[in-house]
There are 2 protein chains.
Amino acid sequence: MGIADDAVEIRARGWRTLAALHALIEAELERALAESVQLSVVEYTVLDALSRQDGWHMRMQQLARATALSPSATTRLVTRLEDRGLLTRILCADDRRGIYTELTPSGRELFERAHPIHDEALARVLAEAGGRPELAPVVHALQGSQVLAGA
Amino acid sequence: MGIADDAVEIRARGWRTLAALHALIEAELERALAESVQLSVVEYTVLDALSRQDGWHMRMQQLARATALSPSATTRLVTRLEDRGLLTRILCADDRRGIYTELTPSGRELFERAHPIHDEALARVLAEAGGRPELAPVVHALQGSQVLAGA
DNA sequence: GCGGACTAGTTGCGTGTGCAATGATTATGT
DNA sequence: ACATAATCATTGCACACGCAACTAGTCCGC
């Protein structure tokens, strides 16, 4: 068991920690959002991404990147949200292959309602995770580094 | 825009970073493992968990926790691996509700083969992620904190 | 002991996902 | 100018997942 093997184990352990934390947070957000606004986490991510592009449009591909989803999944995700009247497809004139998406007033309204719920759940689960010794360092780094980045 | 709002944004940004990093790593591991040993990431996680319980058994429930999966998904995951001859179900005598799972020699052999591939892919994607400014702090924390925990 | 609450694991069912193939539009090379 | 390649989004298909309902086994109170 040499130094190289230690490095392997350290990486693997870090990855397991990351995966565990991710699963914990996602499960809690999923629960909270589904309960109060009938939204999944990815669906919320779409609304969030669109709302942050305030007044401006977003291509399907950008949406796929923001959600870490395949093109096909993105298509259906957008279709679901469109069917609920939360966003609209806008085919752009300059490149007729591309399709822009934009929040409807109803979509923006729902997002405004979902936003505090999302944050409350996130704050709660991060606090809980911060209490677990194996997760705490990552939780701290997550917030600490972002303090610097956000300042 | 007060301090409270900043905290909200910091949490959200941290979560997006975590999710992005998680997706990046998982996609790369998925690709590498599927290509070389026809294993998904969760399937590898099962083999890894079982191999680390060296010589000892694991209940379905523990497996569900280790993989962050529902009981039903765990059942089918184990069934898949059992059908491939990589592990066996063992119903334990002391509590006849419980079911233990154990690696077969074939399963252990496959894991030995998958292990270096897994680590190579993980090391590569972590190095890549470390180069992206928005991901770097978390990547660093992940490995750094584990150095301390592992020592 | 015996009936009811509880736990462990499994199945039916609906749904979201990725991959590969396709249609539609734009870019490129000669 | 025209054919070929590349890009964006969408569909067919198979599959893995979660939830709820179910079966089998254990624990508890009386």
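Fair warning: this is a prediction, and the values are worked out from it, not measured in the lab. Residue numbers begin at 1 in each chain, while the letters A, B, ... track the order of the sequences.
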Task: Distance in angstrom units between B:E30 CD and D:dC15 P, rounded - done: 15 Å

Output one line per pair: protein atom, nucleotide atom from nucleotides 18-21 of chain D, and distance, for all N/O pairs under 3.5 Å.
unit_1, atom_1, unit_2, atom_2, d
D:dG18, OP2, B:S70, N, 3.0
D:dG18, OP2, B:S70, OG, 2.5
D:dG18, N7, B:S72, OG, 3.2
D:dG18, O6, B:R76, NH1, 2.8
D:dC19, N4, B:S72, OG, 2.9

Open item on the list: Angle between ring planes, B:Y100 versus B:W56, binned at 30° and 60°: parallel, tilted or perpendicular?
Closed with: tilted

Open item on the list: I'd like to know whether A:H115 forms a side-chain contact (heavy atoms from CB on, under 4.5 Å) with B:V8, so could you lay out the CA-CA distance, the side-chain angles of the two residues, the decisive distance to 0.1 Å, and finally the verdict.
Closed with: CA-CA 10 Å; A:H115 188 52; B:V8 169; 3.9 Å; yes

Open item on the list: Walk me through whether A:R113 and A:E109 qualify under side-chain contact (heavy atoms from CB on, under 4.5 Å).
Closed with: CA-CA 6 Å; A:R113 202 141 56 80; A:E109 188 270 340; 3.6 Å; yes

Pick out the pairs of N or O atoms, protein on one side and nucleotides 23-29 of chain D on the other, that lie under 3.5 Å.
unit_1, atom_1, unit_2, atom_2, d
D:dG25, N2, B:R97, NH1, 3.2
D:dT26, OP1, B:R96, N, 3.2

- [ ] Remember a base hit wins even if backbone is also touched, and classify B:R89 as base, sugar-phosphate or nothing at under 4.0 Å, heavy atoms.
- [x] sugar-phosphate

- [ ] Establish, from distance only, whether the side-chain atoms of B:R16 and A:T45 form a donor-acceptor pair under 3.5 Å.
- [x] no

Task: Gap between atoms CZ and P, on B:R80 and D:dC15 respectively (whole Å) - done: 11 Å

TODO: Could you say whether A:E43 or B:I99 is positioned toward the 5' end of DNA chain C, judged by the nucleotide with the nearest heavy atom to each?
DONE: B:I99

Open item on the list: So for atom CZ, which belongs to B:R89, do other residues, nucleotides or ligands contribute more than 12 heavy atoms lying within a distance under 6.0 Å?
Closed with: yes

- [ ] List the atom of B:L122, the atom of A:W15, and the distance in Å for their closest heavy-atom pair.
- [x] CD2-CB, 3.9 Å

TODO: Check the pair B:L77 / B:E43 against side-chain contact (heavy atoms from CB on, under 4.5 Å), numbers first and verdict last.
DONE: CA-CA 7 Å; B:L77 175 53; B:E43 288 167 351; 3.5 Å; yes

- [ ] Would you check if there is a donor-acceptor pair between the side chains of A:S72 and A:S70 at a distance under 3.5 Å?
- [x] yes

TODO: Rounded off to whole Å, could you give me the CE-to-P distance for the A:M60 and D:dC8 pair?
DONE: 12 Å

TODO: Go through DNA chain C in 5' to 3' direction and return only the first and the last nucleotide with some atom under 4.0 Å of chain B's heavy atoms.
DONE: C:dT7 to C:dC13

- [ ] May I ask you to decide if A:M58's main-chain N or O and A:T101's side chain share a donor-acceptor pair within less than 3.5 Å?
- [x] yes

Open item on the list: Between B:E120 and A:R11 (salt bridge meaning N to carboxylate O under 4.0 Å), is one present in this structure?
Closed with: no

Open item on the list: Regarding B:R132 and B:E128, does a basic nitrogen lie under 4.0 Å from an acidic carboxylate oxygen?
Closed with: yes

